[in-house]
2 protein chains.
Amino acid sequence: MNNLISIKSATLSEDIAQQLTNAIVQGHIPQGSKISEPELAKQYGVSRGPLREAIVKLEGLGLVTRTANVGARVIQLNTQDMLDTFTMREALEGMAARLAATTMPADEINSLYALLDKHQAHLDANQDEHYVQQGGNDDFHLRIIHASGNAKLIRLLTEELYAVIRMYRRHTSDQRSDPRQALREHKAILDAIANHEGDLAELLMRRHISRASQLLKQAMEHSSVASRI
Amino acid sequence: MNNLISIKSATLSEDIAQQLTNAIVQGHIPQGSKISEPELAKQYGVSRGPLREAIVKLEGLGLVTRTANVGARVIQLNTQDMLDTFTMREALEGMAARLAATTMPADEINSLYALLDKHQAHLDANQDEHYVQQGGNDDFHLRIIHASGNAKLIRLLTEELYAVIRMYRRHTSDQRSDPRQALREHKAILDAIANHEGDLAELLMRRHISRASQLLKQAMEHSSVASRI
DNA sequence: AGCCAATAAATTGTCGACAATCCAACTTGA
DNA sequence: TCAAGTTGGATTGTCGACAATTTATTGGCT
């Protein structure tokens, strides 16, 4: 049976990996559930060969854990892992902001200011409703990361870590997050970058992510997500 | 034909992945060379199934690059990639040192001091000959990383990034590195950790890695390794 | 009834073969 | 002679089937 969106990729394995990633991030495959190879193979209409390659890839992304002769399981979001992941984000995205402060071209900076204005306008028009910027080119963090100019850093953050990060963003109904505060922090970071103040940019980015993780922590501890074993 | 060391693992795929990793890191499979599936399958005495899974894993480790319908190639070490990778290391190991400054237990700190004394004695006895600490438990950096207590950080640094880092360490005959200077820096970092000075520990670790990368850069630019296309 | 051993079913790991794609050598025509 | 098209060989991608291992079920014993 065909699944939702069918992204035509060069190889079946890539295709399946992409679809599985989405399915897990969006919760269509529940956390902690077992990955049954025969079942999924039938579901996606492929043989187990490419499916297994996709699962190996997902293991590398940290979306599933595998045990020899037993199989793969979708990871379980929990507070400690979230904190650990976000601490890594602090280090990496802080560095990205620092690098961006010296390498980001003026027009890209202006384009980012325009994006923040757009976010501002959206908040004004929709009474502070959260702006969904999942992974697209409108995502402030992704823009900063790309501006770092560090290919390895970009790959790590956008291709290997972001799936899990998006999962945390999505599965915690972060109603207690304050979009206007986040926007102010984004603006402060961008100001530091525009002024080529690498130290400050890194500091602010770290603080920004640290604050987000604290909010997520509270949300997880008070929501059903965390308690659902 | 059996290859060198045969680490018995639960599954053939893991086994092959391990052996291939070693072969690439140690240069038995040369940089930039094509990975021929039929050839390797025959060489290791396995079918292409588990071999392909291993290659997918290696791609995740950044040891090979794959192109659809074309195949996999061993990466080419080059100065820019090295600098990018070491910048990430700065961010991540800097954070690890910071965390270690608050979480590292006293006995582990003492044990690390003892290790540094051992390194010192080795230098004294062998007229500054380089101490080979490739990946073992005698590796100062690995000890700090583990002391961070951040499981995600540990996994990323020790399981995903270290293969490439070891490759850089090994393939550049870093004769111009000064082991005594490195030892002094290690000691300063450990002092900061022992005093629970997280900020300082991070700063020193960053500086230490940055300095190492500069030395590596010079070594690569002046050695045949970098010019050998 | 409850627990342990033996057996059956299902799942994972591995293999060899076929299909699709790419690459190199060769032919053909201007 | 050179360029483009064609054909043959080799390699990668995919599949279905078998072997090995785990998990569930059944039966027997205390």
Side-chain angles (χ1 to χ4, degrees), chain A residues 1-3 6-21 23-24 29-76 229, chain B residues 1-3 6-21 23-24 29-76 229:
Chain A
M1 183 195 289
N2 267 356
N3 231 32
S6 173
I7 312 109
K8 269 283 164 285
S9 204
T11 160
L12 268 185
S13 171
E14 291 177 35
D15 214 335
I16 303 293
Q18 190 68 47
Q19 298 203 37
L20 276 183
T21 300
I24 291 176
I29 304 180
Q31 294 177 38
S33 67
K34 185 159 184 330
I35 299 284
S36 164
E37 294 183 5
E39 184 182 329
L40 277 187
K42 194 184 300 181
Q43 195 166 343
Y44 286 102
V46 297
S47 87
R48 281 177 50 225
L51 177 64
R52 280 176 63 88
E53 291 183 15
I55 293 177
V56 171
K57 204 173 293 184
L58 289 216
E59 187 188 20
L61 296 182
L63 288 176
V64 305
T65 57
R66 263 164 32 113
T67 324
N69 293 314
V70 173
R73 274 191 178 283
V74 179
I75 57 161
Q76 278 277 11
I229 304 232
Chain B
M1 182 196 287
N2 267 356
N3 231 33
S6 174
I7 312 109
K8 270 283 164 286
S9 204
T11 160
L12 269 185
S13 171
E14 290 176 37
D15 214 334
I16 303 293
Q18 190 69 45
Q19 298 203 37
L20 276 183
T21 299
I24 290 177
I29 305 179
Q31 295 176 37
S33 67
K34 186 160 184 332
I35 300 283
S36 163
E37 294 182 6
E39 184 182 329
L40 277 187
K42 195 184 297 179
Q43 195 167 341
Y44 285 102
V46 298
S47 86
R48 282 177 50 223
L51 176 64
R52 282 176 62 87
E53 291 183 14
I55 293 177
V56 171
K57 205 173 292 184
L58 290 216
E59 186 188 20
L61 296 182
L63 288 177
V64 305
T65 57
R66 261 162 38 110
T67 325
N69 292 314
V70 173
R73 275 191 178 283
V74 179
I75 56 160
Q76 277 278 11
I229 305 237

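No experiment lies behind these values; they were computed from the predicted model shown.
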Tell me: [atom1] of [X] to [atom2] of [N], nearest whole Å?
{"X": "L51(B)", "N": "dC15(C)", "atom1": "CG", "atom2": "P", "value": "10 Å"}
{"X": "R48(B)", "N": "dC15(D)", "atom1": "CZ", "atom2": "P", "value": "14 Å"}
{"X": "N69(A)", "N": "dT21(D)", "atom1": "CG", "atom2": "P", "value": "7 Å"}
{"X": "R66(A)", "N": "dT22(D)", "atom1": "CZ", "atom2": "C1'", "value": "16 Å"}
{"X": "K34(A)", "N": "dA10(C)", "atom1": "NZ", "atom2": "C1'", "value": "10 Å"}
{"X": "I16(B)", "N": "dC15(C)", "atom1": "CD1", "atom2": "P", "value": "9 Å"}
{"X": "I55(B)", "N": "dT11(D)", "atom1": "CD1", "atom2": "P", "value": "13 Å"}
{"X": "E37(A)", "N": "dG13(C)", "atom1": "CD", "atom2": "P", "value": "6 Å"}

Looking only at non-hydrogen atoms, find the nearest pair between [X] and [Y] and report the distance.
{"X": "T11(B)", "Y": "A68(A)", "result": "CG2-CB, 4.5 Å"}
{"X": "I55(B)", "Y": "A72(B)", "result": "CG2-CB, 3.9 Å"}
{"X": "T21(B)", "Y": "A17(B)", "result": "OG1-O, 2.7 Å"}
{"X": "L12(B)", "Y": "P50(B)", "result": "CB-CB, 4.2 Å"}

Problem - Phosphate OP1/OP2 of dT12(C) contacted by T11(B) side-chain N/O (<4.0 Å) - result: no
Problem - Any K42(B) side-chain N or O less than 4.0 Å from OP1/OP2 of dC15(C) - result: no
Handout entry: Selected nucleotide, minimal atom distance to S47(A) side chain, candidates dG16(D), dG13(D), dT11(C)
Key = dG16(D)
Practice task
Among the candidates dT23(D), dT14(D), dT12(D), find the nucleotide nearest to the side-chain atoms of V70(A).
Solution key: dT23(D)
Practice task
Name the nucleic acid region contacted by I35(A), choosing base, sugar-phosphate or nothing; use a 4.0 angstrom heavy-atom cut-off, strictly under.
Solution key: sugar-phosphate
